[in-house]
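The chains referred to below are lettered A, B, ... by the order of the sequence lines, with proteins before strands, and numbering in each begins at 1.
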Number of protein chains: 2
Amino acid sequence: MNDSYLKFVNSPFGGRLARSLGLPKPEVLRRYRADRPEFDGLIAIGAGREPRLFDALASLIATLGMTSVAHESAGLWVPLAHRHGLMTGRFEPAEAGAPGKLAALMFDASGIDDSSLLEPLHGFFHDTLRSLGKCGRIVVLGRPPEACASPRQWTAQRALEGLVRSLGKEARRGIAANLVYVEEGAENAIEATLRFFLSPRSAYVSGQVVRIAAHGAPPHDAPAFDWLDWRQPLAGRRALVTGAARGIGAAIASVLAAEGAHVIGLDIPSARDALDATMRQLNGSPLAFDIAAPEAPAQIAAALDELGVDIVVHNAGITKDKTIAKMTDAVWQSVIDINLSAQERIDDALLAGGILRDGGRIVAVSSIGGIAGNAGQTNYATSKAGVIGRVQSMAPPLRARGITINAVAPGFIETQMTAKIPLAIREAGRRMNSMSQGGQPVDVAQTIAWLAHPGSAGVTGQVVRVCGQSLIGA
Amino acid sequence: MNDSYLKFVNSPFGGRLARSLGLPKPEVLRRYRADRPEFDGLIAIGAGREPRLFDALASLIATLGMTSVAHESAGLWVPLAHRHGLMTGRFEPAEAGAPGKLAALMFDASGIDDSSLLEPLHGFFHDTLRSLGKCGRIVVLGRPPEACASPRQWTAQRALEGLVRSLGKEARRGIAANLVYVEEGAENAIEATLRFFLSPRSAYVSGQVVRIAAHGAPPHDAPAFDWLDWRQPLAGRRALVTGAARGIGAAIASVLAAEGAHVIGLDIPSARDALDATMRQLNGSPLAFDIAAPEAPAQIAAALDELGVDIVVHNAGITKDKTIAKMTDAVWQSVIDINLSAQERIDDALLAGGILRDGGRIVAVSSIGGIAGNAGQTNYATSKAGVIGRVQSMAPPLRARGITINAVAPGFIETQMTAKIPLAIREAGRRMNSMSQGGQPVDVAQTIAWLAHPGSAGVTGQVVRVCGQSLIGA
């Protein structure tokens, strides 16, 4: 729970010592606080030819109250921004001598349809990256490659992934870089996702690729989600969170409650006291069931039946690490059952009875281990890879009901569990990412809150890592 | 080119020293040699319920002349193997005390359609993994998740990825673990791919997931590719290899020639002497063009026009590393152009003229950097991510002509280029994978030869890493 090195190198003496020894200096990440402005500072805008998202972006940035500066690659931005009543200016490369001037860099690559047209990306980041401040934000916008009309366009759009992942690794200083593919027709559905990636809420989410589908987006000429209260977006919603008594689950419950949801926290009967305490703090409702029990799905469905539920977060999970040669059947089976099969059984019960309402949200917790595999975790990695299969397979059939299903895959998160890892391995896990530190439970929780948002209707079937752009992957 | 640590720890003194200090002990990997049997030893067979690939597997193993032993999970194997005239017995867990007894472990998971049915995978690898010898092979077979009829089946099949990747990381000792998804109807098209993954040719390919599509497979009741000469599968084929003068390109040319192909080696005019020497050795034809030149595609097409070409390997590539803030336009543009756009221009010229014949094979070289991104390589990673887009986007339209297009993504390969990396970074790159060593150019070449094989018609649009299961990924 406690990264003493992070504190030390951010003290005056520790910082000098780290510099003289050439040690990594992780930034203290800026995280969301209700008492601080969520969006402020300058955002630099760049673009390839024929940017298709400028209208939506100008409208969004005006709403957020940010001031934009247009890079020379974004010639069309200034007149458009003025039409949206947006404070704007031109980015002068000469000012690049003023580091920390910019809060965010945003590039609209949606019109790039050939690899020979990628150069403006270089020009923009070449000119602006040094002016981006600590904990700044990089967002590149493109079109989903697999929906492109020609192989050349698909190729150019797919190339953006290599750029964004490299920028995240190169920028350091707590800067997050992410790629958002916006499907044609989804231009009016980008707000919830771009708010997340521009906000301190996404502090530990970097090197990720997210797709926004047109399904569920408001029509092109309608105002985008202007009925939403962005301060309490989950007001009136009911959210079931499994494994909610402590740790990441309690953080998820807490963030969803802060966003306005009524939380029903579920945990095993033996954690009843902690669960009750957590739920009391949040004005939530405790639900003490063992999800491994065959009767649990029906019991949960019965407990939720009257008022229904809008958000289901499958967070409950266990590890029982052993090499496979030493792993008993019971150990294998319990991890697969609790981490994977129980999620399937509970969703079936909630979906069959219509207890999870239309327009609902399912978020399941996977893991980097489920993506990359891990020695000593054949059971855990199998279960967490299965969770990825769950969201990929269920997203299409749930679309008709407006229900989304996504996974988050945490990397190294500072919890009681990771505090028990031997020091050397813990330090390696903490530092082997672009932030040079572990994440906090709230980072996972904020990512889930974005996916649970009413404005995230176009985001489904996806896996988002919360890992500070860990080196480890597949 | 020279991993002196690998040699040292495999000497009697070095081995003792490494053991006493707890240092990693990379195995000397067994690689393909024409003068040694490619397939020998015992293969243990396991299965989930209703294995759908047993017929095809029994026929394959009989062809390879291997002896099988059936694990208790594979009760149906013994009678079936006898019908195929296959030497077979039963695997006795009691024999697990005899380490190194087995050459390969193969599990048919194709019939598993629910996460609650994954247990036989645990039982099989629990019982057999310790009996698998150095440089042994693990192959798990399943169905492509995205083609599964139900979300439950998709989920269970997708879970296999987490298991296989964990087994690769856990097994060590030069053992490779890979997952092959066989589409329904492609049962008769598995031979080339399984030969590769069971052979020492795949020494440095581990933790990979490959799909075999039914498209291009012989009909279910026809004998599978029995017209093929498996010793000279590329006999009569003409193969263009770019960047063929030296290094990985020369290794590719050499392996394709050894498999029977006539190689046309292309390189820049300044490498003419090395190119001529390499081609003389292989009875190949040199072609000296600068692929960056606008007229190159037409010149290459003209040079190949009369006899056509069956295999195109886009290997030529450059690196020019700089942080983006210090990278000039020219440096960005030349890397994108040579590594990505030139491939597009050449393929367009060869495809438009029908110079690349129907049934042809395109293999493009990507990189782990294109998957994960890399600091100081925004240009390189963008180009190599674009290569992935190329194979994904062009595979569907090329299917009608029976042409496949795939990418290989090398990790740390011992070449003159990597020999120039500073020692500490080179050592990290070498050891951060399940083989604890860098790969050899021949490992990339053998992977390309498999993709170029006439029996690989069902393998297209895919990216195969040649990285010893590097930790690094996305």
When heavy-atom pairs shorter than 4.5 Å are enumerated against chain B, which of [options] gives the highest number?
{"options": "A/Pro145, A/Ala375, A/Ser150", "result": "A/Ala375"}
{"options": "A/Gly370, A/Gly376, A/Gly207, A/Ser434", "result": "A/Gly376"}
{"options": "A/Ile368, A/Leu340, A/Asp329", "result": "A/Asp329"}

Shorter than 4.5 Å, heavy atoms on both sides: which option in [options] has the most such pairs with chain A?
{"options": "B/Glu119, B/Gln157, B/Arg390", "answer": "B/Glu119"}
{"options": "B/Leu163, B/Thr155, B/Leu160, B/Leu121", "answer": "B/Thr155"}
{"options": "B/Arg465, B/Gln208, B/Met394, B/Glu146", "answer": "B/Arg465"}
{"options": "B/Gln392, B/Glu161, B/Arg172", "answer": "B/Gln392"}

Heavy-atom distances under 4.5 Å only: say whether [X] touches chain B with side chain, backbone, both or neither.
{"X": "A/Leu129", "result": "side chain"}
{"X": "A/Asp348", "result": "side chain"}
{"X": "A/Ala325", "result": "both"}

Which atom pair, heavy atoms only, marks the closest approach of A/Ala159 to B/Ala385?
O-CB, 3.7 Å
Shortest non-hydrogen contact from B/Met432 to A/Leu471?
CE-CD1, 4.1 Å
Contacting moiety of [X], where chain A heavy atoms sit under 4.5 Å:
{"X": "B/Ala474", "answer": "both"}
{"X": "B/Gln333", "answer": "side chain"}
{"X": "B/Thr328", "answer": "backbone"}
{"X": "B/Ile472", "answer": "both"}

Could you tell me the separation between the [atom1] atom of [X] and the [atom2] atom of [Y], rounded to the nearest 0.5 Å?
{"X": "A/Arg158", "Y": "B/Ser393", "atom1": "CZ", "atom2": "OG", "result": "10.5 Å"}
{"X": "B/Arg165", "Y": "A/Ile371", "atom1": "CZ", "atom2": "CD1", "result": "9.5 Å"}
{"X": "B/Asn379", "Y": "A/Ser166", "atom1": "CG", "atom2": "OG", "result": "8.5 Å"}
{"X": "B/Asp337", "Y": "A/Leu118", "atom1": "CG", "atom2": "CG", "result": "11.0 Å"}
{"X": "A/Thr378", "Y": "B/His126", "atom1": "OG1", "atom2": "NE2", "result": "10.0 Å"}
{"X": "B/Thr382", "Y": "A/His122", "atom1": "OG1", "atom2": "NE2", "result": "10.5 Å"}

So, A/Lys169 side chain and B/Ala372 main chain: donor-acceptor pair closer than 3.5 Å or not?
yes
Tell me yes or no: between the side chains of B/Ser116 and A/Ser341, is some donor less than 3.5 Å from an acceptor?
no
